[in-house]
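Throughout, numbering of the chain's residues begins at 1 and tracks the sequence. Note that the structure is predicted; figures quoted are calculated from it, not measured.
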Amino acid sequence: MTMRFDLLIVGGGINGVGIARDATGRGVKTLLVEQDDLAAHTSSASTKLIHGGLRYLEYLEFRLVRESLIEREKLLRIAPHIIHPLRFVMPMGESGRPGWMVRLGLFLYDHLGGRGILPGSAAVRLAGDGLAGDGLGAGLKPGVTRGFAYSDCRVDDARLTVLNAMDAAARGADIRTRTRFIGAKRDGDAWAVSIEDGPSGRRSEVRAANIVNAAGPWVGGVLGAIEGARAERPPRLVKGSHIVVPRLFAGDHAFILQNPDGRIMFAIPYERDFTLIGTTDVAVSGDPAAARIEAEEVAYLCEGVNRWFAKGIGPADVIWRYSGVRPLYDDGSASASAVTRDYVLKLGMAEGPQLLSVFGGKLTTYRRLAEHALEKLAPFLPMRRGAWTDGEALPGGDLPDGDFAAFVAEARRRWPFLPPETAERMAGAYGTRMAMILGDARSLDDLGEAFGGGLSESELAYLIDHEFARTAEDIAWRRSKLGLRMTEGDIARIAGRLAQGKMEAARG
């Protein structure tokens, strides 16, 4: 018997899972298909920020900045375990934007979104910190004496995506990873949709009253596989690349750095021992999955850091590098940096079963994008309630009073055998759900085999059973960033354990 759904979503990135969570919570019978892993592409390859987009003010994107600033604090409330306040320092030099322009931009940034939690901006002195300092100028060249500070938030982007998918599934959504959308055609009052299970290669058909095309860089290809869909201008594909190096400076703050070409880049404390540096903006064409960071991009990022920091870096210092392709709405801008980061939602059918395509968007606005998508689809969907996602915590986010530091302290008291860095990592990944992994354990031995980087057999089982993890890459680089600390042998042992589990399941 062919399964029927009210809504089929194509794409397991942040926009797709956000729509799935919202729709399912409104009583919409939802199926989401993702050709790879959740957040396998763009949604795990960001700068890991929940932010208003300070630089977007230069392009007069006031609506986007205001919405982003409002969403920043809403997301901080519903996911305080994976989203954390972060202070940014913008050092000022002889070139770059003048001080009055930065002050004006920061004034708007402080007030556009009705800031309630995060502290406002301020002018700061940076003199005398250099290599030995631990203040806001830590790591900068001694001649850099002044700057500005403001607030945004950091996030684990892939985990934000996974948590939305988990919550959608808990509310009744059918989430199928490694499942490819083949095509769709109208059949009476619904779409007849062909999908393919990746591991087995088996094809099947489902029926869906409506389709959301949230395929990110593949949005155009999905449109082309839907019979009768209205043609749309393809997205502008822009590659953003990042590098990770050993930690460049002390302190918990980040830097936003101005480059001579007018672009800005970030240097962010990352996973305790590292600094994340990004991003580039490079127009790309062809298969988005084939996009890789180029040597020229690595050199560009290193040079950007070396203009400001006392300790120089080069390509040999890069521990990890990654690229993501942003599917931006083509607004006709001449440069990749100037293309809008706002999202556009397009209904694609004049009548009958409906199709909605998602162009653009960013992590910070995914929740509001989902609300807007469902507003457009409201005439076609059986919804039992209205917008709700701004008031209910994501899985693990129900921390007492939203106080992450207090939660970490309590976790260390409850499981004193955990190394402090492991306790903080797990609290930041799982929040209150870390009890599902640790339970009544009284020692590390109670958690089973150790796979390196602090990953235990108990944690591995949790990721498989609850978080759709299927491969060693899923676990080491998306459900966590333990790949930064693991050896090739560690990752091979994870792969071996996963293969063993599949064999046991097949025999059982």
Side-chain angles (χ1 to χ4, degrees), residues 5-20 23 30-36 40-43 176-177 179-196 198 203-239 283-291 324-332 339-362 366 369-370 372-377 379-381:
F5 297 89
D6 300 319
L7 185 64
L8 167 73
I9 300 169
V10 183
I14 189 61
N15 291 330
V17 297
I19 295 170
T30 302
L31 167 66
L32 180 145
V33 296
E34 161 57 45
Q35 63 182 346
D36 296 308
H41 300 287
T42 308
S43 294
R176 304 187 196 180
T177 61
T179 301
R180 191 162 65 94
F181 173 84
I182 302 300
K185 60 183 179 181
R186 287 206 272 188
D187 182 14
D189 63 346
W191 293 101
V193 182
S194 176
I195 57 177
E196 180 181 272
R203 292 194 176 186
S204 60
E205 184 176 288
V206 298
R207 291 177 64 80
N210 302 278
I211 296 175
V212 168
N213 175 9
W218 291 271
V219 64
V222 169
L223 269 177
I226 299 176
E227 187 177 288
R230 180 184 299 141
E232 299 286 355
R233 180 186 297 179
R236 288 274 292 272
L237 300 183
V238 177
K239 180 177 61 170
V284 297
S285 58
D287 182 6
V325 177
R326 311 179 191 106
L328 305 180
Y329 182 71
D330 190 353
D331 61 1
V339 180
T340 181
R341 265 52 176 178
D342 211 343
Y343 54 84
V344 175
L345 308 175
K346 294 280 191 176
L347 287 172
M349 308 303 295
E351 58 183 2
Q354 195 51 256
L355 164 67
L356 179 74
S357 293
V358 179
F359 296 87
K362 62 197 193 85
Y366 87 88
L369 180 153
H372 281 148
L374 292 175
E375 287 169 11
K376 283 186 170 289
L377 289 171
F380 313 100
L381 289 173

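Here the CZ-OG1 distance, from Arg203 to Thr179, works out to 12.5 Å after rounding to the nearest 0.5 Å. Note that the CZ atom of Arg326 and the NZ atom of Lys362 stand 11.0 Å from one another [nearest 0.5 Å]. We find the NZ-CG distance between Lys376 and Leu345 to be 6.0 Å, quoted to the nearest 0.5 Å. To the nearest 0.5 Å, atoms CH2 (Trp191) and CG (Leu7) are separated by 13.0 Å. The CG atom of Asn213 sits 6.5 Å away from the CG atom of Leu355 when rounded to the nearest 0.5 Å. From Tyr366, atom OH reaches atom CG of Asn15 across 10.0 Å, with rounding to the nearest 0.5 Å.
Counting heavy atoms from C-beta outward, Leu369 and Val358 have side chains that approach closer than 4.5 Å. You'll find the side chain of Leu381 reaches within 4.5 Å of the side chain of Leu374, heavy atoms only. When side chains are defined from C-beta on, Glu205 does not count as touching Val193, because their heavy atoms never get closer than 4.5 Å. When side chains are defined from C-beta on, Ile9 counts as touching Thr30, because their heavy atoms get closer than 4.5 Å. Inter-residue side-chain proximity for Pro353 and Arg186 is flagged as met; some heavy-atom pair is nearer than 4.5 Å. A heavy-atom distance below 4.5 Å is not found between the side chains of His41 and Val325. Leu328 places none of its side-chain heavy atoms less than 4.5 Å from the side chain of Pro235. At least one side-chain heavy atom of Leu347 sits under 4.5 Å from a side-chain heavy atom of Leu377.
Judged by distance alone, the side chain of Gln354 and the main-chain N or O of Met349 form a donor-acceptor pair under 3.5 Å. Side-chain atoms of Glu34 come within 3.5 Å of backbone N or O of Asp36 as a donor-acceptor pair. Of the possible polar contacts, one joining the Ser43 side chain to the Ile14 backbone as a donor-acceptor pair under 3.5 Å is found.
A pairwise comparison of heavy atoms in Gly360 and Tyr343 identifies C-CB, 4.0 Å as the closest pair. Here the closest heavy-atom approach between residue Trp218 and residue Ala289 is recorded as CZ2-N, 3.7 Å. Here the closest heavy-atom approach between residue Gly12 and residue Leu32 is recorded as CA-CD2, 3.9 Å. Across every non-hydrogen atom of Ala225 and Phe181, the tightest pair is CB-CE2, 4.0 Å. Closest of all the heavy-atom pairs between Pro234 and Asp330 is O-CB, 3.9 Å.
Contact check on Asp189 versus Arg207 returns a salt bridge, with a Lys/Arg side-chain nitrogen under 4.0 Å from an Asp/Glu carboxylate oxygen.
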Could you go step by step and tell me if Leu31 and Arg176 meet the side chain to side chain contact (heavy atoms under 4.5 Å, CB included) rule?
CA-CA 8 Å; Leu31 167 66; Arg176 304 187 196 180; 3.4 Å; yes

As a quick check of understanding, evaluate side chain to side chain contact (heavy atoms under 4.5 Å, CB included) for Leu237 and Ser285, giving each step before the final call.
CA-CA 7 Å; Leu237 300 183; Ser285 58; over 6 Å; no

Side chain to side chain contact (heavy atoms under 4.5 Å, CB included) assessment of Phe380 paired with Asp6: CA-CA 9 Å; Phe380 313 100; Asp6 300 319; over 6 Å; no

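Under the 30°/60° scheme for interplanar angles, the aromatic rings of Phe359 and Tyr329 are found to stand perpendicular.
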